[in-house]
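The next block holds one structure in the form of structure tokens; read it before the comments.
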Amino acid sequence: MRSTEWQKSTYSAANNECIEVRTNAAAVELRESDEGHLILRTTQAALAALLRGIKAGEFDHHA
């Protein structure tokens, strides 16, 4: 992913209830649409590891 503009899932339609993402040379940034001033910044490797863990069910016991 190479983008400096915020992108959101097409699944969110017109709702502001989604996570937006953008990237730059150093980081991946995430924010919630309705809380745009709060930004979580991480590396591509850390985000990929988190997504792998979610898909593998590593965090299901927290639900």
Side-chain angles (χ1 to χ4, degrees):
M1 175 183 280
R2 296 174 193 250
S3 175
T4 57
E5 294 187 27
W6 290 106
Q7 298 176 9
K8 69 178 180 178
S9 171
T10 56
Y11 289 105
S12 66
N15 296 333
N16 274 346
E17 298 176 2
C18 64
I19 300 295
E20 298 177 322
V21 63
R22 73 177 176 188
T23 62
N24 61 41
V28 176
E29 297 177 328
L30 304 159
R31 71 180 183 181
E32 191 169 342
S33 293
D34 61 348
E35 293 288 336
H37 62 284
L38 299 173
I39 298 172
L40 172 66
R41 187 171 292 119
T42 189
T43 65
Q44 290 182 2
L47 180 59
L50 174 65
L51 293 175
R52 279 192 304 273
I54 291 169
K55 289 178 182 180
E58 291 180 24
F59 307 104
D60 290 354
H61 63 282
H62 293 288

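Since the structure is predicted, the reported quantities are computational estimates derived from the model, not experimental observations.
Partners of Ala27 according to the side chain to side chain contact (heavy atoms under 4.5 Å, CB included) rule, which considers only residues two or more places apart in sequence or in another chain, are Asn24, Arg41. Residues passing the side chain to side chain contact (heavy atoms under 4.5 Å, CB included) test with Leu40, sequence neighbours excluded: Leu30. With sequence neighbours excluded, the residues that form a side chain to side chain contact (heavy atoms under 4.5 Å, CB included) with Ala48 are Arg52. By the salt bridge (charged side-chain N to carboxylate O under 4.0 Å, His left out) test, Glu20 is found to be paired with Arg31, residues two or more places apart in sequence or in another chain being considered.
The CD atom of Glu5 sits 9.5 Å away from the CZ atom of Arg22 when rounded to the nearest 0.5 Å.
The minimum heavy-atom distance linking Ile54 with Phe59 is given by the pair N-CE1, 3.7 Å.
Checked options Val21, Ile39, Leu47; the residue passing with Glu29 is Ile39 (criterion: side-chain contact (heavy atoms from CB on, under 4.5 Å)).
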